[in-house]
Amino acid sequence: MNVDAVLDELEASGNLRRLPAESPAGVIDLSSNDYLGLGEDIALRESFFASYDSKSLLMTSSASRLLAGRQTSYSILEKELADSYGHNHEALLFNSGYHANTGLVSAIADKNTLILADRLVHASIIDGIKLSGAPFVRFAHNDLSHLRKLLESKGRDYPNVLIIVESVYSMDGDRADIGQLTEIKKLHPGAMLYVDEAHAVGVLGPGGLGECAAAGVLGQIDILVGTFGKALASMGAYAIMSPTLRQFMINKARSLIFSTALPPAQIDWSLHVWRHATSADSARQQLMSLASQLARIIPGGEPSHIRPLIVGSSEKALAASAKLLEGGYKVLPIRTPTVPPGTERLRFSLSAAIASESLAGLSSLINSLS
């Protein structure tokens with residue numbers, strides 16, 4: 001591969017990525033996934049360190065989960081997660097959402113499994129699908145009629161079907177109809193429903209448990225994936241599933257088996273944040289209020305904590321991002337291949353830590369882009 005030529009091509013098309021600089025002081029960050037504002041919550045950090053003796057915080061696991069000598073922190077967090085979701089579910093921790101999706105999907109699917117995935121599922125899910133070697137078809141985004149037709153026409157040729165969706169989609173902020181998906185799953189006796197709740201956990205549902213909990217169908221979800229690196233202001237991910245599936249994944253999910261586990265101190269922090277986030281209803285209410293405010297500034301679709309402004313080309317996305325930064329708002333451009341060509345955009349991502357008046361100057365700036 002000619003590395004220089006590839007970089008030159010990316011530069012010419014406006015798709016060359018660079019690590020962004022830290023935001024200047026006073027700039028309002030509308031690109032972070034810190035939906036509840038817990039990442040900047042000093043009091044939350046202080047309460048964590050006050051509850052631990054520094055000598056008890058273990059800064060490394062020094063081994064994979066299957067070999068680590070210290071297991072207590074992981075086990076406590078997994079039990080609290082399982083208790084929160086109920087329905088005879090258990091939890092299993094992963095190092096990241098990427099580790100979770102690649103490991104879980106590649107483990108559960110094989111040549112006898114047809115995967116039916118929403119066209120806009122995350123790249124980590126697509127990579128998991130490719131690693132599995134299973135046949136797969138992507139149905140039109142949120143088009144459950146298309147999914148039903150595929151299940152009826154193609155699913156009959158396979159003993160197992162894995163339906164994969166996200167509850168809230170990361171680039172558009174729209175939601176899947178989880179209730180209808182559980183009904184569609186019943187059309188095939190070997191179907192399983194896999195829901196990635198990365199952008200819903202902490203934000204939606206009772207106690208911030210996500211859209212599946214909001215729909216009242218937790219008991220019908222076969223694998224639910226949540227992350228700690230977004231609304232929960234930490235690092236890592238978890239999967240909620242039956243005890244049998246959990247045991248299967250411990251033996252088959254390569255991203256779990258062959259990765260050094262996150263440090264116990266990180267897991268302790270995740271537990272501390274989880275306990276706080278489940279009762280953070282005021283932050284969720286503030287976030288939804290901001291979502292309604294942003295929906296009036298950028299019309300179209302239901303209010304969401306994620307809102308796109310489609311500009312149509314990488315060059316326009318870069319220019320619009322730069323102009324908003326000059327106006328005091330950090331909104332990074334999203335370009336191909338993250339989104340299809342022609343749908344390049346600015347992705348607005350809200351945080352409950354943002355004051356309502358902070359969005360006041362956004363409308364005139366956005367109007368000036370056209």
Side-chain angles (χ1 to χ4, degrees), residues 33 35 61 64-66 68 73-75 77-82 84-85 89-110 113 115 117-118 120-132 134 136 162-170 176 178 192-203 208-213 218 221-263 266-267 269-271 273-274 277:
N33 293 324
Y35 300 130
S61 64
S64 72
R65 183 74 187 282
L66 295 183
S73 295
Y74 308 96
S75 298
L77 178 54
E78 286 173 335
K79 184 178 186 308
E80 291 217 10
L81 288 166
S84 295
Y85 283 93
H89 283 145
E90 292 188 358
L92 185 61
L93 296 173
F94 288 83
N95 284 9
S96 68
Y98 189 91
H99 280 83
N101 282 330
T102 55
L104 292 163
V105 175
S106 62
I108 199 64
D110 58 19
T113 304
I115 298 177
D118 188 287
L120 296 187
V121 293
H122 194 269
S124 58
I125 293 173
I126 298 302
D127 287 354
I129 291 172
K130 291 179 178 178
L131 286 169
S132 75
F136 72 97
L162 183 63
I163 300 169
I164 307 179
V165 301
E166 297 179 33
S167 59
V168 175
Y169 286 87
S170 61
I178 301 298
M192 298 177 67
L193 181 56
Y194 183 115
V195 182
D196 185 333
E197 294 242 54
H199 294 275
V201 166
V203 175
L209 291 180
E211 185 68 6
C212 295
L218 280 174
I221 309 302
D222 296 287
I223 300 177
L224 183 156
V225 176
T227 55
F228 285 102
K230 297 178 174 64
L232 299 180
S234 184
M235 179 181 180
Y238 59 88
I240 304 296
M241 52 199 158
S242 71
T244 301
L245 270 179
R246 182 180 187 273
Q247 191 61 42
F248 177 84
M249 293 303 173
I250 289 171
N251 285 274
K252 292 295 184 179
R254 292 171 66 84
S255 61
L256 172 77
I257 298 168
F258 298 110
S259 291
T260 297
L262 292 177
Q266 187 73 54
I267 302 302
W269 167 249
S270 294
L271 175 62
V273 177
W274 177 259

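Taking all atoms of both residues into account, the shortest heavy-atom contact from E90 to A82 is CA-CB, 3.9 Å. Scanning all heavy atoms of the two residues, the minimum distance from A109 to A134 falls at CB-CB, 3.9 Å. Nearest approach of P263 to Y74, heavy atoms of both residues: C-OH, 4.0 Å. When every heavy atom of M192 is checked against every heavy atom of I108, the shortest pair comes out as SD-CG1, 4.2 Å.
With sequence neighbours excluded, no residue forms a salt bridge (charged side-chain N to carboxylate O under 4.0 Å, His left out) with K252. Every residue meeting the side-chain hydrogen bond (donor to acceptor under 3.5 Å, both in side chains) condition with T113, not counting sequence neighbours, appears here in chain and number order: D110. Take D222 and apply the side-chain hydrogen bond (donor to acceptor under 3.5 Å, both in side chains) test, not counting sequence neighbours, and it matches K185. Listed by chain and number, the residues in a side chain to side chain contact (heavy atoms under 4.5 Å, CB included) with Y98 are S96, T102, S124, D127 (sequence neighbours excluded). Partners of S64 under the side chain to side chain contact (heavy atoms under 4.5 Å, CB included) rule, at least two apart in sequence or in another chain, are L66, L67. Take S132 and apply the side-chain hydrogen bond (donor to acceptor under 3.5 Å, both in side chains) test, not counting sequence neighbours, and it matches no residue. With sequence neighbours excluded, no residue satisfies salt bridge (charged side-chain N to carboxylate O under 4.0 Å, His left out) with E166. For E197, the side-chain hydrogen bond (donor to acceptor under 3.5 Å, both in side chains) test picks out S167, with sequence neighbours left out. Remark: K130 pairs with I126 by the side chain to side chain contact (heavy atoms under 4.5 Å, CB included) rule, at least two apart or across chains. The side chain to side chain contact (heavy atoms under 4.5 Å, CB included) check on A100 picks up F94, L104, V225, A237, with sequence neighbours excluded.
Side-chain atoms of N101 and I164, non-hydrogen and from C-beta on, never get closer than 4.5 Å to each other. At least one side-chain heavy atom of L224 sits less than 4.5 Å from a side-chain heavy atom of L218. Two residues are said to be in side-chain contact when any heavy atoms from C-beta on lie closer than 4.5 Å; I115 and V105 meet this criterion. Counting only heavy atoms from C-beta outward, the side chains of I221 and I240 never approach each other to under 4.5 Å. With a 4.5 Å cut-off on side-chain heavy atoms, T227 and V201 do not count as touching. The shortest side-chain heavy-atom distance between M249 and I223 falls under the 4.5 Å cut-off. Looking at I267 and L271, their side chains never come closer than 4.5 Å, going by heavy atoms from C-beta outward. Between D196 and V121, every side-chain heavy-atom pair lies at or beyond the 4.5 Å cut-off.
Remark: the backbone N or O of H199 is not paired with any side-chain donor or acceptor of N33 at under 3.5 angstrom. Proximity of a side-chain donor or acceptor of W274 to a complementary backbone N or O of F228 within less than 3.5 Å is not detected.
Atoms CG and OG, from L93 and S73 in turn, are 10.5 Å apart once rounded to the nearest 0.5 Å. With rounding to the nearest 0.5 angstrom, the CG atom of L256 is 5.5 Å from the CG atom of L92. The CD1 atom of I163 lies 6.0 Å from the CG atom of L193; values are rounded to the nearest 0.5 Å. Here the CG-OH distance, from D118 to Y169, works out to 3.0 Å after rounding to the nearest 0.5 Å.
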Subject >> Check against side chain to side chain contact (heavy atoms under 4.5 Å, CB included), S61 and T260 >> reply: CA-CA 7 Å; S61 64; T260 297; 3.4 Å; yes

**OP:** Begin from the C-alpha positions of H99 and S259 and carry the test side chain to side chain contact (heavy atoms under 4.5 Å, CB included) through to its verdict.
**Re:** CA-CA 9 Å; H99 280 83; S259 291; 3.5 Å; yes

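Applying the side chain to side chain donor-acceptor pair (under 3.5 Å) definition to pairs two or more places apart or across chains, those involving residues 230-248 are E78-R246, Y85-Y238, S234-Q266, S234-S270.
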